[in-house]
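Working notes for the structure below.
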Amino acid sequence: MDRRKLLVTSGYFFMNVVPQFIMASGIMLLNTIIAAIVSHFTDSSGSGSPDSTVFLFAFIFGLAFFGQSFKFALINGVSRKTYFCGIMLSNLATSLAWSVIGLIFATLNHFFAKSFNIYQFVYSFNVWHLFIWLFTIALFFSMFGLFIRILFYRCSKRTMLIICASLFIGVTILTLAGILSRGAMLSSIASFFAFIFNLKAASPAPYICGAFFILLAAVQSGAIFLLLKKAPIKE
């Protein structure tokens with residue numbers, strides 16, 4: 001593998017999203033200022049959740065990573081393996097950047113705005129735990145967005161319709177199964193997520209949750225590699 005091409009490829013992906021990082025940071029800063037003002041002059045807390053904003057932007061960036069860059073990279077002699085490694089490194093770098101940005105604004109919100117935060121709805125405030133929470137889930141959503149983008153790139157319109165219809169049918173079947181089981185299925189699902197988020201512990205921490213989302217991200221990265229191996233170059 002050509003290390004120079006790997007660094008150029010990953011750097012290209014990362015630099016392409018820097019303007020979006022600035023825009024997202026501006027949105028979170030504005031929301032934090034408004035929430036702090038509301039919290040200062042009223043008894044209510046401000047609105048907005050920094051971690052949910054991070055996860056949303058991470059997913060959107062995952063969708064945006066893949067596109068014309070694939071064709072451009074292959075034409076310029078970048079192998080599929082190098083392209084895959086470059087996009088994975090970029091995903092890790094952007095997820096790390098998102099976790100730092102989210103950590104800064106979540107901390108500011110905690111001390112000044114007191115706005116709703118998904119993390120603090122589950123766990124008590126801890127900077128290290130918050131970092132783990134933000135990084136692992138941002139990585140998952142970034143990989144998820146990338147996986148969806150490449151999957152739809154590989155699929156024909158008919159296959160895409162079949163996938164969407166299957167998801168709708170699957171959700172309907174699960175809903176009916178939950179009703180017919182008189183809540184037993186929903187109770188099992190709730191117990192599973194209670195274990196994943198470590199809610200039953202005396203002092204819940206996001207370690208199991210982080211490991212779970214890293215595992216999901218790793219599975220998705222394997223699927224992405226397989227999809228890229230045979231992906232055609234489209235106009």
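With sequence neighbours excluded, the residues satisfying ring-ring contact (aromatic ring centres under 6.0 Å, His included) with F141 are F55. Residues satisfying the side chain to side chain contact (heavy atoms under 4.5 Å, CB included) criterion with F225, sequence neighbours excluded, are F84, K229. Looking at residues two or more places apart in sequence or on another chain, you find a side chain to side chain contact (heavy atoms under 4.5 Å, CB included) between L151 and F147, C155, I163, L227.
Between L134 and L103, the shortest heavy-atom contact is CD1-N, 3.3 Å. For the pair I101 and M28, the tightest heavy-atom approach, listed with the atom from each and the gap, is CG2-CE, 3.3 Å.
Two different hydrophobic clusters hold L92 and V219 under the rule that ILVMFWY side chains link at heavy-atom gaps under 4.5 Å.
Going from atom CG of L63 over to atom CZ of F152 covers 10.0 Å, rounded to the nearest 0.5 Å. Expressed to the nearest 0.5 Å, how far OG of S25 lies from CD1 of I27 amounts to 9.0 Å. If you take OG1 on T94 and CD1 on I87, they are separated by 10.0 Å, rounding to the nearest 0.5 Å. How far OG of S142 is from CD1 of I60: 11.5 Å, rounded to the nearest 0.5 Å. I208 contributes atom CD1, which lies 13.0 Å from atom CG of L215 (distance to the nearest 0.5 angstrom). In this structure, the separation between CD1 on I137 and CD1 on I132 is 11.0 Å, given to the nearest 0.5 Å.
The shortest distance between side-chain heavy atoms of I214 and F140 does not fall below 4.5 Å. Inter-residue side-chain proximity for F213 and L139 is flagged as unmet; no heavy-atom pair is nearer than 4.5 Å. Residues M88 and I224 form a side-chain contact, since some pair of their non-hydrogen atoms from C-beta on lies under 4.5 Å apart. No side-chain heavy atom of L216 sits under 4.5 Å from any side-chain heavy atom of F144. Between I104 and V100, some side-chain heavy-atom pair lies under the 4.5 Å cut-off.
Within the 6.0 Å centre-distance limit, the rings of W98 and F61 are counted as a close aromatic pair. Aromatic rings from H129 and Y119 are positioned such that their centres are separated by 6.0 Å or more.
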Exercise. When you look at L130 and N126, which way does the side-chain contact (heavy atoms from CB on, under 4.5 Å) test go after all the steps?
Worked result: CA-CA 6 Å; L130 179 58; N126 179 291; over 6 Å; no
For this session: Starting from the C-alpha separation in whole Å, work towards a yes-or-no answer on side-chain contact (heavy atoms from CB on, under 4.5 Å) for V54 and F105.
Result: CA-CA 10 Å; V54 165; F105 285 105; over 6 Å; no
For this session: Could you go through the side-chain contact (heavy atoms from CB on, under 4.5 Å) check for F131 and L96 one step at a time?
Result: CA-CA 9 Å; F131 175 80; L96 180 61; 3.6 Å; yes
